[in-house]
Amino acid sequence: AQTVTQSQPEMSVQEAETVTLSCTYDTSESDYYLFWYKQPPSRQMILVIRQEAYKQQNATENRFSVNFQKAAKSFSLKISDSQLGDAAMYFCAYRILPYSGAGSYQLTFGKGTKLSVIP
Amino acid sequence: DAGVIQSPRHEVTEMGQEVTLRCKPISGHDYLFWYRQTMMRGLELLIYFNNNVPIDDSGMPEDRFSAKMPNASFSTLKIQPSEPRDSAVYFCASSLGPHSYTFGSGTRLTVV
């Protein structure tokens with residue numbers, strides 16, 4: 001079974017600084033997706049960034065980037081120039097590719113990291 | 001598009017009562033998922049549908065839980081009878097194939 005582990009229950013960062021959130025996962029599959037979701041107090045689940053495992057290039061979305069280390073099964077999220085609006089719970093998630101033929105299309109989530117941004 | 005719409009946003013009910021949560025997926029999406037979020041267990045998949053057919057309900061905790069998708073634009077999650085341990089946030093999500101995933105705003109259920 002796939003598992004996702006986020007070892008940092010809480011993190012804080014000064015406004016305008018950079019912070020990195022950690023995520024490791026366990027899978028026997030070779031092709032899969034990895035995601036970072038943001039959940040602000042409004043509880044809406046917002047997709048931050050997505051990485052396909054077959055792509056070696058790290059995904060980037062504006063101030064958000066990932067460090068994907070497939071061999072180490074590590075998928076960290078870097079937030080640059082942190083803003084007050086970045087304060088939220090961040091969830092790492094895993095999903096198999098459709099043609100793998102195994103399992104469902106569910107997202108498997110980590111327990112989350114609560115990020116606080118200090119003005 | 002209005003996104004995935006869930007109702008109600010909040011529900012408070014007494015133990016033993018029936019609770020029905022509703023979800024309208026994004027038009028054209030062929031997958032629908034129900035998740036439950038609690039502090040202890042995080043986000044868990046309860047059940048998912050493909051083209052209105054339940055595919056995997058192994059996450060449904062007990063027979064008290066049931067889900068239906070009578071058509072492509074509507075799904076319900078019912079708990080009967082409800083118990084305090086069912087208190088959680090319930091999310092519905094829909095996707096077009098496995099390549100996109102959009103969550104609703106969730107329903108916060110409190111069973112007293």
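All heavy atoms count here, side chains included; hydrogens, waters and symmetry mates do not. Below, read A as the first sequence line, B as the second, and so on, with proteins coming before strands; counting in each chain starts at 1.
- Two residues are said to be in side-chain contact when any heavy atoms from C-beta on lie closer than 4.5 Å; Gln37(B) and Phe109(A) fail this criterion.
- In the hydrophobic clustering of this structure, Tyr48(B) groups with Leu47(A); members are Ile, Leu, Val, Met, Phe, Trp, Tyr whose side-chain heavy atoms approach within less than 4.5 Å, directly or through other members.
- Proximity to chain B is absent for every atom of Ile46(A), based on heavy atoms less than 4.5 angstrom apart.
- Connection of Tyr31(B) to Leu21(B) is not established within any shared hydrophobic cluster, with ILVMFWY side chains joined at heavy-atom distances below 4.5 Å, either directly or through further cluster members.
- Around CG of Asn71(B), the count of heavy atoms belonging to other residues, nucleotides or ligands within 6.0 Å exceeds 12.
- Arg50(A) places none of its side-chain heavy atoms less than 4.5 Å from the side chain of Tyr101(B).
- The environment of CD in Glu62(B) is crowded: more than 12 heavy-atom neighbours from other residues, nucleotides or ligands sit within 6.0 Å.
- To the nearest 0.5 Å, atom CZ of residue Arg43(A) and atom OG1 of residue Thr107(B) are 6.5 Å apart.
- The part of Gln39(A) that comes within reach of chain B is its side chain, from C-beta onward, which places non-hydrogen atoms under 4.5 angstrom from that chain.
- If you take CG on Leu43(B) and CE on Met89(A), they are separated by 9.0 Å, rounding to the nearest 0.5 Å.
- For Lys24(B), the NZ atom is loosely surrounded, since the number of other residues' heavy atoms within 6.0 Å does not exceed 12.
- The hydrophobic clustering, which links ILVMFWY residues whose side-chain heavy atoms are closer than 4.5 Å, places Met69(B) and Leu46(B) together.
- Residues Gln44(A) and Ser105(B) come closest through the heavy atom pair OE1-OG, 2.8 Å.
- Around the NZ atom of Lys78(A), the shell of radius 6.0 Å holds no more than 12 heavy atoms that belong to other residues, nucleotides or ligands.
- Taking Met39(B), Arg108(B), Glu44(B) one by one and counting their heavy-atom pairs under 4.5 Å with chain A, the maximum is reached by Arg108(B).
- Two residues are said to be in side-chain contact when any heavy atoms from C-beta on lie closer than 4.5 Å; Leu107(A) and Tyr35(B) meet this criterion.
- Under the 6.0 Å cut-off for aromatic ring centres, Phe103(B) and Tyr37(A) qualify, their centroids lying closer than that.
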